[in-house]
Every structure is written in C-alpha cells, then in structure tokens.
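Proteins come first, then strands; the chains are lettered A, B, ... in the order of their sequence lines, and each starts at number 1.
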Amino acid sequence: MKNKSGQCNNCQLKSSSVRTLNPAETERLEKNCTEVHFKKNDIIFKQNAFSSNIIYLNNGLVKIHIEGPQNEQIIKVVKAPSYLGIPTTFNEKINHYSATALEQTSVCFIDIDVFKDFIYKNGQFAYELITELCKNELNSFHRCVNRTQKHIHGRIADALLFFKNTFEHNEFILPFTRLEFGNFVDTSRESVSRILTEFKNDGIINLNGKKVEILNEKLLETISNKG
DNA sequence: GCATTAACCACAG
DNA sequence: CTGTGGTTAATGC
C-alpha cells in the first residue's frame, strides 16, 4: 500500500525523531516511505535476509526473535509505536533477527539512505534516535539480568506483568502459544503450563486458555522481585 | 542423604 | 497445541 502524500505529516504516530523534521524533510520522508499491513503470524522481516529499509511499527504488536542452535529465542516483544530493526539494518548487510506480527499490525518501510541523510543533517533527529536506542539497550541489559538470575516463577511473573503493562489492562489475551511463551522466558512449554496453572490455583490469576486476568498484582510483583 | 527445581519424554485430549 | 504425570540430572541444605 503506497503512502498518499501528506500522510507522514498528518500521522498521529510520528516518532519523536520524525517530529524534529522540517516540512521539506517530512515531505522527503513521505516520498520514500511505504506503509504495509500485516496479519497475525506474518513475517515482517527474516533473519539472514538482506536488510534494506528502516522499519517503523505504527500499529500492533511484534515479536523479535532469533533462530538459535536449539530453539527459536524470542528476544523481545515490541509494541507500537517503535522502530524495528535499527541495529540490524544500520551497519549490517543482513538481518540478525526476524520480526513477526503477533496481531494485526501496520508498519512503515523507510528508505535507508534518506533516513541516514536525516541523521547527518539534522542533529535533533539523530539525538532523538540515539535516545531511543539507549533506552533499548538499557532494557536489554535488564532483561538479560532477569533472564539469567531469576527462577522460572519470577520470569513468568515478569512476563505477565509486562503484558499487563503493554495491554494496559488486567485482563488480556496472551499473544503467545505456550511454546512461544517458553521461548520468551527461557523455559519449556511444560513449565509454562505448570506455573500458569499454579498461579491460577493460588488465586493470583484467572486463566482460561490464552485469556489471563491478573487478580493479585502485588503478589506477582513480589514473586518477580524475589526471583 | 534428602528435597527441590526444572528439563525431557510420552501420552491423551 | 495443551496439560499432566513419570523420570532424571543438577543443586542446595
């Protein structure tokens, strides 16, 4: 789906970096940007494929994942609005990871050369971009610590709280199968099943298939903190 | 030693 | 795809 001209300018979902562009630059962005819609489980880009665009997630939810020696590893789940795949598109010829839609999702593909030009010529644009990248790196540091040091109960509690925050609701549909959940928190699908039913039996959550309702957030937080 | 944790396997909805 | 039960290996007390 091609962008109509004027769309970037009026876009409500502009990134903080794109907000710093002047009208001429915004117009240039519009001419070098295409919006694409994806359905659940559609692959937005794939590990090992050539990367040629900056990708911005306007709407929806996406998983970032790497095919490891054993399993698919889900690195993180990204909620719109956010850039996808800056690290893999910037100085790398190929994608180091894949991105897959977890729900109905829309994405803008932006020409890499135009994007780089904005960075060279517009310091504020670059600054905003760096700010986002820094946030991401810190996030991944924390996730790294959590993943390696917390026990399964803590990691699953973390994940439930994360979904509660991203959906901004105590009740939500898990966008994952049990296997994906396991790949997200570094455990087996069996352990995910067991611990979720444990949480249910202890009255911490309501559980019905993929539908989860958080009943005792305080307790989940202490489980998450204690590891 | 004994208990706990969590992975792996297998089987049934 | 899920849930459960049995088994097993590693680790802690």
Side-chain angles (χ1 to χ4, degrees), chain A residues 37-49 57 59-80 84-85 95-107 139-227:
Chain A
H37 295 269
F38 292 93
K39 293 196 288 282
K40 183 178 169 60
N41 292 330
D42 280 350
I43 297 166
I44 297 169
F45 57 86
K46 204 169 162 54
Q47 186 174 353
N48 295 328
L57 177 63
N59 252 311
L61 200 67
V62 168
K63 69 171 176 178
I64 302 293
H65 51 114
I66 290 182
E67 196 53 50
Q70 311 287 331
N71 285 312
E72 171 195 55
Q73 169 98 43
I74 298 179
I75 306 298
K76 62 173 171 176
V77 172
V78 183
K79 181 175 78 155
L84 295 180
N95 295 320
H96 285 217
Y97 50 79
S98 305
T100 303
L102 291 173
E103 52 183 47
Q104 177 84 20
T105 280
S106 87
V107 154
N139 251 325
S140 85
F141 287 172
H142 287 121
R143 266 199 315 278
C144 179
V145 173
N146 284 341
R147 269 203 318 260
T148 34
Q149 291 192 13
K150 283 184 183 174
H151 284 175
I152 296 190
H153 288 82
R155 302 205 298 271
I156 291 186
D158 267 0
L160 291 175
L161 292 170
F162 166 78
F163 285 125
K164 188 243 159 190
N165 287 331
T166 62
F167 292 119
E168 294 164 359
H169 216 278
N170 275 325
E171 196 175 346
F172 51 84
I173 309 280
L174 278 176
F176 280 162
T177 67
R178 297 295 134 109
L179 179 63
E180 286 176 308
F181 202 140
N183 291 336
F184 183 50
V185 298
D186 297 316
T187 191
S188 61
R189 61 177 190 81
E190 291 99 324
S191 295
V192 174
S193 282
R194 276 188 191 115
I195 285 155
L196 285 179
T197 48
E198 232 176 89
F199 283 172
K200 178 189 183 181
N201 293 336
D202 294 344
I204 303 172
I205 60 170
N206 249 333
L207 181 65
N208 191 351
K210 290 186 177 160
K211 203 164 86 182
V212 176
E213 184 189 359
I214 293 182
L215 301 173
N216 192 340
E217 191 177 339
K218 282 258 156 51
L219 190 47
L220 267 186
E221 274 164 8
T222 48
I223 293 172
S224 155
N225 291 331
K226 279 198 326 192

Practice problem: Report the distance from atom CD of A/Gln70 to atom P of B/dA7, rounded to the nearest whole Å. | Solution: 13 Å
Exercise. Can you check whether any acceptor in the base of C/dG3 is under 3.5 Å from a donor in the side chain of A/Arg178, or vice versa?
Key: no
Exercise. Give a yes or no answer on whether the side chain of A/Glu67 reaches the backbone of A/Gln47 with a donor-acceptor pair at less than 3.5 Å.
Key: no
Exercise. Give the nucleotide from the list B/dC11, C/dC1, C/dG6 with an atom nearest to the side chain of A/Arg189.
Key: B/dC11
Quiz item: Would A/Phe167 and A/Leu61 satisfy side-chain contact (heavy atoms from CB on, under 4.5 Å), going step by step from the backbone distance to the final call?
Solution: CA-CA 10 Å; A/Phe167 292 119; A/Leu61 200 67; 3.9 Å; yes
Quiz item: Under 3.5 Å, is there a donor-acceptor pair between the side chain of A/Ser224 and the main chain of A/Leu220?
Solution: no
Quiz item: Got a donor-acceptor pair under 3.5 Å from the side chain of A/Glu190 to the base of B/dC8?
Solution: no
Self-check item: side-chain contact (heavy atoms from CB on, under 4.5 Å) partner of A/Ile223, the single match among A/Ile195, A/Ile204, A/Asp202
Solution: A/Ile204
Practice problem: Can you tell me the distance, in whole Å, between the CZ atom of A/Phe176 and the P atom of C/dC1? | Solution: 14 Å
Quiz item: Think A/Ser188 has a side-chain N or O under 4.0 angstrom from the OP1 or OP2 of B/dA6?
Solution: no
Self-check item: Distance test, side-chain N/O of A/Lys210 to OP1/OP2 of C/dT2, below 4.0 Å
Solution: yes
Quiz item: What's the closest nucleotide to the A/Ser193 side chain, out of B/dA10, B/dA6, C/dG3?
Solution: C/dG3
Quiz item: In whole angstroms, how far is the C1' atom of B/dC8 from the CG atom of A/Leu179?
Solution: 14 Å
